[in-house]
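Following: one structure in structure tokens, then a few remarks.
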Amino acid sequence: MPETRSSAAEARDKHREFLFPAVMNYYAESIVLDEGKGLYVKDVDGREYLDFFGGILTVSVGHCDERITGPLKAQIDRLGHVSSLYPTVPTVELAERLARLTPGNLRKSFFTASGTEADETAVSLAQIYTGAQELIALRHGYSGRSMLAQSLTAHAPWRAVTTQIAGIKHAVSPYCYRCPFGLEYPSCEVRCAKDIEELIQTTTTGNIAGFLAEPIQGVGGFITPPPEYFEIAVEIVRKYGGIFICDEVQTGFGRTGGKMFGIEHWNVQPDVMTMAKGIANGLPIAVCIATDEIAQSFQKLTISTYGGNPISAAAANATLEVIESENLAANAETMGARLREGLEELKREFPETVGDVRGKGLMLAIELVKNEKEGDRTPDPESTLRLFEETKARNLLIGKGGLYGNVVRISPPLTVGRNEVDQAVAALRESFAAMER
């Protein structure tokens with residue numbers, strides 16, 4: 001029998017009827033996506049869009065790339081699932097690859113199905129290894145949906161319940177555009193990092209388990225710290241007995257340009273690292289990787305039913321092979337510079353609306369405000385929503401974030417080329433111009 005497919009209207013109706021209302025969709029009338037290839041996706045009506053959000057920084061090498069789908073299909077036909085109680089070749093090969101790719105002395109991996117689980121594992125590991133319980137996280141940070149992850153998250157729109165996990169303290173974010181101290185870099189002397197010491201001295205026992213931070217804060221709006229931030233912050237954390245947990249869920253695997261991992265831009269080696277999203281081009285897999293010594297401290301029995309699933313592991317191996325062999329981190333740096341130049345031009349052309357341009361590589365953001373030209377940095381989420389409708393009309397998909405919902409997040413697959421970058425910038429320019437008419 002021929003396949004019967006729902007229309008866009010039917011899919012939207014079913015989404016409203018059968019999914020949690022909290023499962024948000026973009027746009028006044030959501031787009032029902034049906035297929036994708038490379039940097040483009042199509043909706044069920046056949047309309048094509050240039051994808052510059054990549055499934056929230058997840059589609060690293062483009063949609064439905066045969067170099068990923070081929071090994072994936074072969075693995076599905078060979079072995080689907082056995083749980084972490086049995087080693088499989090794709091899983092151990094992935095662990096070996098990660099030990100080679102990650103910075104410093106990170107060698108031992110624990111696989112999970114999501115970034116939330118990876119962060120949970122990392123926090124438990126820090127507490128077990130140090131014997132301390134208290135943990136420093138960052139304001140504007142996002143760690144996931146579990147009770148612990150929501151307690152780590154410092155972003156009210158994403159916190160459905162009050163803090164359930166004790167011992168988590170939130171340091172100020174290195175958010176230069178909205179400095180919590182009202183200072184400017186570099187005359188601020190990176191006070192946001194130095195303030196961590198007083199936070200530890202005044203709100204903890206003085207003996208902490210660790211510091212969990214994203215190199216660039218993703219959901220927070222691609223908040224990018226000043227160059228000295230992590231060296232100062234991590235030195236303080238280690239002074240008080242803590243380890244550094246680097247959350248690379250969004251920044252990992254070439255996304256920030258020129259380096260495989262975001263933290264490598266800041267000359268600091270993590271003790272533990274978490275990663276997900278871009279590792280497998282859309283397949284569900286995440287990792288907590290640690291040094292030998294720290295991993296060895298976890299002595300209790302544990303498993304992850306879906307962690308390191310051979311299908312997801314095969315997709316991850318194939319994805320990382322493409323990223324490495326094609327040097328996509330370098331492409332992210334080159335195309336990111338071109339995209340950044342285009343966004344800076346938009347800031348000059350629309351000086352009232354575009355308040356800030358920030359990020360690294362192909363992880364870039366523009367923050368929309370009421371009137372930057374007159375010094376009014378009041379967040380403008382209404383203009384962000386209007387921009388989304390205008391870019392949708394011009395067949396461009398983008399993302400958003402930030403505490404106030406006023407930050408446009410732009411993160412195309414790492415395979416993006418000059419033509420697609422120029423096409424996206426042109427669509428953004430036309431959209432901003434349409435908003436001013």
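FYI, the numbering just counts along the sequence from 1. The figures here come from the full heavy-atom set of this structure, side chains too, leaving out hydrogens, waters and symmetry mates. As the structure is a prediction and not an experimental result, all values here were calculated from the model.
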(request) List the atom of F253, the atom of L414, and the distance in Å for their closest heavy-atom pair. (result) O-CD1, 3.2 Å
(request) Taking atom CD of E96 as the centre, report whether more than 12 heavy atoms of other residues, nucleotides or ligands fall under 6.0 Å from it. (result) no
(request) Looking only at non-hydrogen atoms, find the nearest pair between A209 and A126 and report the distance. (result) O-CB, 3.8 Å
(request) Answer yes when D356 and K347 have at least one side-chain N-carboxylate O distance shorter than 4.0 Å, and no when they do not. (result) no
(request) Please determine, by modelled atom types, if T88 and T91 share a side-chain donor-acceptor pair under 3.5 angstrom. (result) yes
(message) Which heavy atom of L385 sits nearest to which heavy atom of K400, and what is that distance?
(response) CD2-CE, 4.1 Å
(request) Report yes if the side chains of N395 and E48 come closer than 4.5 Å at any heavy-atom pair, otherwise no. (result) no
(message) Quiz question: by atom type and distance under 3.5 Å, do the side chains of Q250 and R409 form a donor-acceptor pair?
(response) yes
(message) Are F244 and Q269 packed together at the side-chain level, in the sense that at least one heavy-atom pair is separated by less than 4.5 angstrom?
(response) no
(request) Could you check Y229 against W266 for ring pair (Phe, Tyr, Trp, His ring centres under 6.0 Å), going step by step and ending with a plain yes or no? (result) CA-CA 8 Å; Y229 177 81; W266 284 283; 8.9 Å; no
(request) Using atom types as modelled and distance alone, determine if a side-chain donor or acceptor of T384 lies under 3.5 Å from a backbone N or O of D380. (result) yes
(message) Under a 3.5 Å threshold, yes or no: a donor from one side chain and an acceptor from the other, between T256 and H265?
(response) yes
(request) Please indicate whether Y306 has more than 12 foreign heavy atoms, meaning atoms of other residues, nucleotides or ligands, lying under 6.0 Å from its OH. (result) no
(request) Can you see which heavy atom on I165 is nearest to which on S151, and at what distance? (result) N-OG, 3.3 Å
(request) Give the intermediate values and the outcome of side chain to side chain donor-acceptor pair (under 3.5 Å) for residues E389 and Y26. (result) CA-CA 9 Å; E389 297 300 329; Y26 281 160; over 6 Å; no
(message) Within a 6.0 Å radius of atom CG on D195, are there more than 12 heavy atoms belonging to other residues, nucleotides or ligands?
(response) yes
(message) For the residue pair Q164 / T162, report whether a side-chain donor-acceptor contact shorter than 3.5 Å exists.
(response) yes
(request) Measure the shortest side-chain to side-chain distance between P215 and E248 over non-hydrogen atoms and say whether it is less than 4.5 angstrom. (result) yes
(request) Please answer whether the main-chain N or O of G62 pairs with a side-chain N or O of N281 as donor and acceptor at a distance below 3.5 Å. (result) yes
(request) Mark yes or no for whether E420, through its side chain, and L50, through its backbone, hold a donor-acceptor pair below 3.5 Å. (result) no
(message) Donor-acceptor pair, distance only, cut-off 3.5 Å: does the side chain of R159 make one with the backbone of T153?
(response) yes
(request) Determine whether C176 and P226 make a side-chain contact, defined as any pair of heavy atoms from C-beta on separated by less than 4.5 Å. (result) yes
(request) List the steps, then state whether side chain to side chain donor-acceptor pair (under 3.5 Å) holds for Q296 with Y129. (result) CA-CA 9 Å; Q296 186 63 33; Y129 175 71; over 6 Å; no
(request) For S431 and L387, indicate whether the former's side chain and the latter's backbone hold a donor-acceptor pair under 3.5 Å. (result) no
(request) Verify, without hydrogens or angle tests, whether T334 (side chain) and N331 (backbone) share a donor-acceptor contact under 3.5 angstrom. (result) no
(message) For the residue pair R358 and F222, would you count it as a cation-pi contact if the rule is NZ or CZ under 6.0 angstrom from the ring centre and within 45 degrees of the ring axis?
(response) no
(message) Assess the residue pair T274 and D119 against the criterion (side chain to side chain donor-acceptor pair (under 3.5 Å)); give the C-alpha distance rounded to whole Å, side-chain angles, the decisive distance to 0.1 Å, and a yes or no.
(response) CA-CA 6 Å; T274 59; D119 280 350; 2.9 Å; yes
(request) Locate the shortest heavy-atom distance separating H63 from D51; write the atom from each residue and the value. (result) NE2-OD2, 2.8 Å
(message) How about CD on E198, more than 12 heavy atoms from neighbouring residues, nucleotides or ligands closer than 6.0 Å, or not?
(response) no
(message) I need the single residue from S146, S114, S143 that forms a side chain to side chain donor-acceptor pair (under 3.5 Å) with E120. Which is it?
(response) S146
(request) Please report the closest heavy-atom contact between R255 and V59, naming both atoms and the distance. (result) NH2-O, 4.4 Å
(request) Would you check if I289 and R107 make a side-chain contact, meaning some heavy-atom pair closer than 4.5 Å? (result) no
(message) For T224, is there any backbone N or O sitting under 3.5 Å from a side-chain donor or acceptor partner on Y175?
(response) no
(message) Can a donor-acceptor pair be found, under 3.5 Å and without considering hydrogens, that links the side chain of K42 to the backbone of G36?
(response) no
(message) For the CD atom on E374, are there more than 12 heavy atoms of other groups (residues, nucleotides or ligands in this structure) within a distance under 6.0 Å?
(response) no
(request) Decide side-chain contact (heavy atoms from CB on, under 4.5 Å) for I285 and F111; before the verdict, give the C-alpha distance in whole Å, the side-chain angles of both, and the deciding distance to 0.1 Å. (result) CA-CA 7 Å; I285 187 170; F111 292 103; 4.1 Å; yes
(message) If you count every heavy atom of other residues, nucleotides or ligands that lies below 6.0 Å from R429 atom CZ, does the total exceed 12?
(response) yes
(request) Considering only NZ, NE, NH1 and NH2 on the basic side and carboxylate oxygens on the acidic side, decide whether E382 and R386 come within less than 4.0 Å. (result) no
(message) Counting only heavy atoms not in E184 (residues, nucleotides, ligands), do more than 12 fall under 6.0 Å from its CD?
(response) no
(message) Hydrogens and angles aside, do T353 and E372 bring a side-chain donor and acceptor to less than 3.5 Å of each other?
(response) no
(request) Report the C-alpha separation of F230 and F211 in whole Å, then their side-chain angles, then the decisive distance to 0.1 Å, and conclude whether the side-chain contact (heavy atoms from CB on, under 4.5 Å) test is met. (result) CA-CA 11 Å; F230 275 106; F211 171 53; 4.3 Å; yes
(request) Would you please indicate yes or no on a ring centroid separation below 6.0 angstrom for F388 and Y27? (result) yes
(request) Can you label the angle between the W158 ring and the Y142 ring as parallel, tilted or perpendicular, going by 30° and 60°? (result) perpendicular
(request) Using a strict cut-off of less than 4.0 Å between a Lys/Arg side-chain nitrogen and an Asp/Glu carboxylate oxygen, indicate whether K239 and E235 qualify as a salt bridge. (result) no
(request) In sequence, state the C-alpha distance, the side-chain angles, and the governing distance for L362 and S411, and then conclude on side-chain contact (heavy atoms from CB on, under 4.5 Å). (result) CA-CA 5 Å; L362 290 172; S411 54; 5.8 Å; no
(request) Might you work through the side chain to side chain donor-acceptor pair (under 3.5 Å) test for E214 and T251, ending with a clear yes or no? (result) CA-CA 8 Å; E214 305 160 89; T251 51; over 6 Å; no
(request) Evaluate the side-chain proximity of E352 to D376: yes if any heavy-atom separation is below 4.5 Å, no if none is. (result) no
(request) Keeping the roles fixed (side chain from T58, backbone from G55), state whether a donor-acceptor pair exists under 3.5 Å. (result) yes
(request) Check the angle between the aromatic planes of H155 and H140 and answer parallel, tilted or perpendicular using the 30° and 60° thresholds. (result) perpendicular
(message) Just verifying a value: how many Å separate L98 CG and M275 CE, rounded to the nearest 0.5 Å?
(response) 5.5 Å
(message) Can you tell whether the side chains of R178 and E367 come within less than 4.0 Å, N to carboxylate O?
(response) yes
(request) Using a 4.5 Å cut-off on heavy atoms from C-beta on, say whether the side chain of L364 contacts that of L343. (result) yes
(message) Checking V234 against I236 for the side-chain contact (heavy atoms from CB on, under 4.5 Å) test, could you report, in this order, the C-alpha distance in whole Å, the side-chain angles of both residues, the deciding distance, and whether it holds?
(response) CA-CA 5 Å; V234 172; I236 292 169; over 6 Å; no
(request) Give a yes or no on whether E231 atom CD has more than 12 heavy-atom contacts from other residues, nucleotides or ligands under 6.0 Å away. (result) yes
(request) For the residue pair E430 and E390, establish whether any side-chain heavy-atom pair is separated by less than 4.5 Å. (result) no
(request) Answer yes or no: is there an ion pair linking E333 with K259, defined by an N-O contact shorter than 4.0 Å? (result) no
(message) So does L368 get a backbone contact from the side chain of N406, meaning a donor-acceptor N/O pair under 3.5 Å?
(response) yes
(request) Using a strict 4.0 Å threshold on nitrogen-to-oxygen distance, state whether E321 and R67 make a salt bridge. (result) no
